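In the text below, chain A, chain B and the rest are named by the order of the sequence lines, each starting its count at 1. The structure displayed is predicted, hence computed values, not measured ones.
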Amino acid sequence: MPELPEVETVRRSLMPLIGKTISGVEIGAFAGVLGETAPEAFSALVSGRSVACLRRRGKYLFIDLDDESLLLVHLRMTGQLLIAPCDDPPRRFEHLKLALDDGSSVRYADQRKFGRVLYLPPGSPNPVETKLGPEPLSDAFDGAYLFDYSRKRTAPIKSLLLDQRSIAGLGNIYVDEALWLARLHPLMPAGQLTAQDAERLARSGKQAIAAGIEHRGVTISHFVDGAGESGENQHHLNAYGRGRRGEPCLRCGTPMTWLTVGGRTSHFCPSCQALVDPESRGPISNRRRC
DNA sequence: CATTACCTGCAA
DNA sequence: TTGCAGGTAATG
């Protein structure tokens, strides 16, 4: 469920954890949330540690502990991190509870059990950095980067954008939003992007992600931040969801449509995001018109 | 490349 | 009852 803006919203909402000490650990029925680490080992390693800082990279959240170890969290589809009073009963689908010395606690809950909270000992090499492209809001991500990266690629632009090695943090919602803003068809072969397309798409990606953060993420079914608060960005989406429902394009009024790209439902406007076929002389596309 | 697996709940 | 869901790793 959570993409970059949702994970960033969680990170910000968890700032009250900074400086607090983990006084105990409870692990639920699904110990697989810890990956390979045995529950008893995990408990021994993190108990007594305090939270030094919270960082995010792409869709990953890093909880740095005061001995240089860290917890690497990925929420995947339905993971949630929540702060709750220590004596609150376990919430539904709770797999992990870290009790804190101030009477509060952090819970990890995950209906579908895809997410992970991994313990990384002090000095561990970062296991995700090499697999991630630039942050969409960083200067490293711009039209030139996207243009160069997409050269000679035949994959649909949507697939390229979903690949975390290209850009870190976009998922199905924000890719559809970025493509709509840039007026690009999700199936356009990435290598066919012009420099101008790439420039527009990079700006659009930044815009979609920035709006997502500003509105504290999209809550459609599961997402809540660390305080249990829903996001508001579902009210500011231009593309995602509108194709399936056949709602009009907010730019040109044409009914939106959808298809499957890279295994994901993709919502777009068939008019202003029309696919250009470079082989044909006749303009299949009217995207210049919009 | 595209498809499947990993899980569960819920809407159609 | 079937199909779908915001993600990713492992398959053909």
Under 4.0 Å between any heavy atoms, over every strand shown, what does A:Thr78 touch: base, sugar-phosphate, or nothing? Just pick one.
-> nothing
Contact class for A:Gln111 vs. all strands (heavy atom < 4.0 Å): base, sugar-phosphate, or nothing?
-> base
Start with the C-alpha gap between A:Glu8 and A:Arg216, add the side-chain angles, then the distance that decides, and say whether salt bridge (charged side-chain N to carboxylate O under 4.0 Å, His left out) holds.
-> CA-CA 8 Å; A:Glu8 176 62 18; A:Arg216 307 183 60 262; over 6 Å; no
Geometric cation-pi criterion A:Arg151 and A:Phe147, 6.0 Å radius, 45° cone | yes
With C1' as the reference atom in both, quote the distance from B:dC1 to C:dA5 in angstrom, rounded to an integer.
-> 24 Å
Classify the nucleic acid contact of A:Gly263 as base, sugar-phosphate or nothing, counting any heavy atom under 4.0 Å across all strands shown.
-> nothing
Using atom CG of A:Leu75 as one end and atom C1' of C:dA5 as the other, report the distance to the nearest whole Å.
-> 15 Å
Stem regions touching DNA chain B, defined by at least 3 consecutive Watson-Crick or wobble G-U pairs below 3.5 angstrom | B:1-6 with C:7-12, B:8-12 with C:1-5
Does A:Ala44 offer a backbone N or O that forms a donor-acceptor pair with the side chain of A:Ser47 under 3.5 Å?
-> no
Short side-chain N/O contact to B:dC6 OP1/OP2 from A:Lys113, under 4.0 Å | no
Does any residue of residues 150-159 of chain A have a heavy atom under 4.0 Å from DNA chain B, and if so, which ones, in number order?
-> A:Thr154, A:Ala155
Rounded off to whole Å, could you give me the CD1-to-P distance for the A:Ile167 and C:dT8 pair?
-> 13 Å
In whole Å, what separates the P atom of B:dC7 from that of C:dT1?
-> 23 Å
Between A:Arg112 and A:Gly262, name the one whose nearest nucleotide on DNA chain B is closer to the 5' end.
-> A:Gly262
Looking across every strand, which nucleic acid part, if any, lies under 4.0 Å from A:Gln164 by heavy atom: base, sugar-phosphate, or nothing?
-> sugar-phosphate
Rounded interatomic separation in angstrom, taking CG from A:Leu118 and C1' from C:dA9 = 14 Å
Should the pair A:Arg153 and A:Tyr149 be classed as cation-pi, given the thresholds of under 6.0 Å to the six-membered ring centre and 45° from the axis?
-> yes
Heavy-atom side-chain contact between A:His235 and A:His215 under 4.5 Å = no
Nearest heavy-atom pair of A:Asp110 and A:His95: which atoms, and what distance?
-> O-NE2, 2.8 Å
Grab the CD-P distance between A:Gln80 and C:dG7 for me, whole Å please.
-> 15 Å
Regarding A:His222 and A:Gln80, is there a side-chain donor-to-acceptor distance under 3.5 Å anywhere?
-> no
Is the NZ or CZ atom of A:Arg251 both under 6.0 Å from the centre of the six-membered ring of A:Trp180 and within 45° of that ring's axis?
-> yes
Residues A:Asp64 and A:Arg55: closest non-hydrogen pair is OD1-NE, 2.8 Å
Non-hydrogen side-chain atoms of A:His74 and A:Lys59 separated by less than 4.5 Å = yes
Side-chain touch A:Tyr174/A:Asn233, heavy atoms, less than 4.5 angstrom = yes
Euclidean distance, atom NE2 of residue A:His267 to atom P of C:dC4 [Å, nearest integer] = 12 Å
Do A:Phe268 and A:Leu259 come close enough that some side-chain heavy atom pair is under 4.5 Å?
-> yes
So A:Phe141 and A:Tyr145, would you call those rings parallel, tilted or perpendicular, with 30° and 60° as cut-offs?
-> perpendicular
Would you say a side-chain N or O of A:Arg264 is under 4.0 Å from OP1 or OP2 of C:dG7?
-> yes
Aromatic ring of A:Phe114 stacked on base six-ring of B:dC6, 5.5 Å, 30° = yes
Does A:Lys131 have a side-chain nitrogen or oxygen under 4.0 Å from the phosphate oxygens OP1 or OP2 of C:dT8?
-> no
For the pair made of CZ in A:Arg116 and P in C:dA9, what is the distance, rounded to whole Å?
-> 11 Å
A:Arg76 CZ to B:dG9 P: how many Å, rounded?
-> 19 Å
Name the closest nucleotide to the A:Phe93 side chain, picking from C:dG7, B:dC10, B:dT8.
-> B:dT8
Going by number, which of residues 222-244 of chain A have a non-hydrogen atom under 4.0 Å from DNA chain B?
-> none
Value in whole Å for how far the C1' atom of B:dC10 lies from CZ of A:Arg92 | 10 Å
